[in-house]
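Before any comments, here is the structure.
It should be emphasised that the depicted structure is a prediction, and the values quoted were computed from it without experimental measurement. Below, read A as the first sequence line, B as the second, and so on, with proteins coming before strands; counting in each chain starts at 1.
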Protein chains: 2
Amino acid sequence: MEQTFKIVIDTKGGDNGPSVMVKGATLALERFPRLKVLLAGNEEEIREECDCLHLPADRVEILDAPGEITNFDNPADAMYQKTDSSMLLSLDTLSSRDDLVGMITCGNTGVALTGAMRYLSGEQRLRPALAAILPSQDGNFTCLVDTGATIDCTAAMLHHFAVLGSDFMRQMYGVEHPKVALLSNGTEPMKGNKLVKETYPLLSADERLNFTGNVEGSNALSGVCDVLVCDGFAGNQVLKVTEGTAKRMMTDIMRYARRTNSAEIGELFTHLMGVYDIGSLGGGIILGVTKPVIKARGNADEKAVVSVAEMLLNMAEHKAVFDKSRNHI
Amino acid sequence: MEQTFKIVIDTKGGDNGPSVMVKGATLALERFPRLKVLLAGNEEEIREECDCLHLPADRVEILDAPGEITNFDNPADAMYQKTDSSMLLSLDTLSSRDDLVGMITCGNTGVALTGAMRYLSGEQRLRPALAAILPSQDGNFTCLVDTGATIDCTAAMLHHFAVLGSDFMRQMYGVEHPKVALLSNGTEPMKGNKLVKETYPLLSADERLNFTGNVEGSNALSGVCDVLVCDGFAGNQVLKVTEGTAKRMMTDIMRYARRTNSAEIGELFTHLMGVYDIGSLGGGIILGVTKPVIKARGNADEKAVVSVAEMLLNMAEHKAVFDKSRNHI
C-alpha cells in the first residue's frame, strides 16, 4: 500500500470561514489518495460540515480548538493568552506528533511565524523566514525570501535566508546549484544599502552557495536567479509593487476591452489572469523550522487548500528540507 | 515682449552622444518661443551641429567644456579631478549666473547629485533628493521621493523629502494640500521598518504637511497620495519593480498579439505603451537645491530633451520652489 501523509488544516482565521477550509479538504482528499487530514477548529462545526460533504471518516481526524486568533492579535501576547486557539494547538500538535507532515493556515501571519518559532524550532533555534515561490518570466520559479517575516534584518539573517532558499529550491524543484542573487539598487558589487553591502561578502564567501551577485528590482522575477534574497521590508515591496502594477494593467486592459467590445482582448485578459494569477502572490512558506507550515492568503478559497495540500505532499516526499538535524550556519 | 528663460543643456554623458542633445534643443527652441539655451560640451562639435540644424544664433550660447564625466567616475573624485567636464562646468555656471533657470543632463547620476550639492546648495546645505514624477492610476501625478540619491537614510532626511515633495507638488501642480504618505509594509501606524517607525511621528507632528499615514507598495501609484516618501533604496525598488512588471506584461501581450495575429490586440499594445511609457520612469528631478536640475535617462532621445525643457520653463515660471531663501526644516 502506498505511504500516506497527514497534514494539519487550521480551519479558523480565514476570511471565508471554516466551511471553505473543509470543502478544500474534501477536494484534496478526492484528488490525492495518499492524503489524510487533521482538521483543527470547532469540533461540532467541522463534524457537521464533514457529514454534509461525506468526508471519508478513516482519512479525517478532528482537533477541537475552541479559541481563535484574529488579525488584531499581537503575536507575543497570543503565545500566552491563546494557547487554545486552532492555530497554536495545530502548531503544538504538528510539533509533537511524528505522523503529521505539515500544516496550512490562513490566519494571522505574525502569530503563525511566532508560533512556528516557538513550537517548531530546530536545535539551532534559527529565525524562520517567509518565502514566496513566484513564477518567473522564463517559466521557472523564483524563491523570494524574506517577504515580511523579519522587517529589520541583519546580514547574518540574509545569509541564513540564502541558505534556506537554496536548500528549498534544490530539494523541492530539483535545481542542482540554485543561483542566489541579492536584491540591490544596482548590479555592481559596491551598490546597495548598508545591509546589502554587509551581506555581499558573506554570500560570496559561502562555498555552499551559488552566489551570482546583485540584481535590480527590474530583473527580480525575470528568471536570472532561483533565490532572491532581501530583508522583509524590501521583499514586501517587491511582492506588493508587482501585484499593484499587474492589477493596474489588468484594469486598463479590461476597460479597453469593454470600450472596444473586443472578444479577442477579452480572451487576452483571461490568458493574462491565468499567467499572473494575481491573487496567489500573498501566501508563503515558513522556512527554517522543523516541519513545513504554509501561510495561505486570508481570502484563500477551496482551490488554494488543494494546491497547498499538494505542495505539502511534495514536501513530505522530499522531506530533507525540514529535517531536524539540519545544521546550516 | 514675453520674458525669456535660458536653460543649460549638458550635451555630454548620454548614451546617444551630443548630436541628440543639440537636436532636442532645436526642437525645443522651435516649440517654445520664450526659451533660450546654453549648450555645454565640445564647442567645435556643437557649433557644427548648430550650423547644420540652423539654430537661431541669438537664442543659443555655447559653453566650451573639454572634459567628460563617464558612468565609471566616482562622484567624490570627479569633484576635484573633472572640474573641466561639461557637467560640473554647467553646474558651476548655472550657480553663478542669474539668467540661467535650470539644467538638463543625461550623465552620471551620482556626479550630478554631488555636483548639485556642491554648486547649488542653499543656505541650509540640505541634502538633495532625486524625485520622480509618476503618472498615477487616477490620472494625476505622484511625486516619489527619494528614488536613489541617498540609499541609507535617516528619519530626518525622510522628513525633509516630505517637505520638498509637498512644496514641489503644490507649486508645480497646484495641489493645495498635497497628501503625503510613507511607504511601508502595512497601512497601520505601527507597521514599518525601524526607519519608517521613526519617521512616522515626525511627519505626523509637522503641521505644514498633510500626512495621511502609511501606504503599501500595492497602492504606491494608485493615486492615494501626491507625495510618496521613502529611502532611496526602497524608492529604487518601487521604480524598478514597476518597470520590470510592466515590461514583462507588455512582452506577454506582444507575444500573444503575434500568435493570434490580432490587430485589436496590436492596438491595445500601442495604447498601453502610451499609458505606461516605460522608458520615462528613469529620470528624476533634483530637489533641495537652489535651481532645478533634471537628470534624464542615459538613453534619452530628442523628445526627452523637449519635455524636460518644457518642465524647466514651467518651473522657472513657478520659481518659488527653488528660491534660495527657502528655509524648510
Item to check | side-chain contact (heavy atoms from CB on, under 4.5 Å) assessment of Phe233(B) paired with Val196(A) | outcome: CA-CA 10 Å; Phe233(B) 188 85; Val196(A) 168; 3.8 Å; yes
Next on the checklist: So which residue, Gly244(A), Ala220(A), Gly217(A), Gly232(A), ends up with the most heavy-atom pairs under 4.5 Å with chain B?
Outcome noted: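 Option with the top pair count is Gly217(A).
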Item to check | Any Leu272(B) side-chain heavy atom under 4.5 Å of Ile253(A) side chain | outcome: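 Touching, per the 4.5 Å side-chain cut-off.
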Between these two chains, chain A and chain B, I want each donor-acceptor atom pair under 3.5 angstrom written on its own line with its distance.
from	atom 1	to	atom 2	distance (Å)
Pro135(A)	O	Arg248(B)	NH1	3.3
Pro135(A)	O	Arg248(B)	NH2	3.1
Asp152(A)	OD1	Lys194(B)	N	2.9
Asp152(A)	OD2	Lys194(B)	N	3.0
Ser184(A)	O	Gln237(B)	NE2	3.2
Lys194(A)	N	Asp152(B)	OD1	3.0
Lys194(A)	N	Asp152(B)	OD2	3.0
Glu216(A)	OE2	Lys240(B)	NZ	2.2
Ser218(A)	N	Lys240(B)	O	3.4
Leu221(A)	O	Arg248(B)	NH1	3.3
Gln237(A)	NE2	Ser184(B)	O	3.2
Lys240(A)	O	Ser218(B)	N	3.4
Lys240(A)	NZ	Glu216(B)	OE2	2.2
Arg248(A)	NH1	Pro135(B)	O	3.4
Arg248(A)	NH1	Leu221(B)	O	3.3
Arg248(A)	NH2	Pro135(B)	O	3.1
Asp252(A)	OD2	Tyr276(B)	OH	2.9
Ser262(A)	OG	Glu264(B)	OE1	2.5
Glu264(A)	OE1	Ser262(B)	OG	2.5
Tyr276(A)	OH	Asp252(B)	OD2	2.8

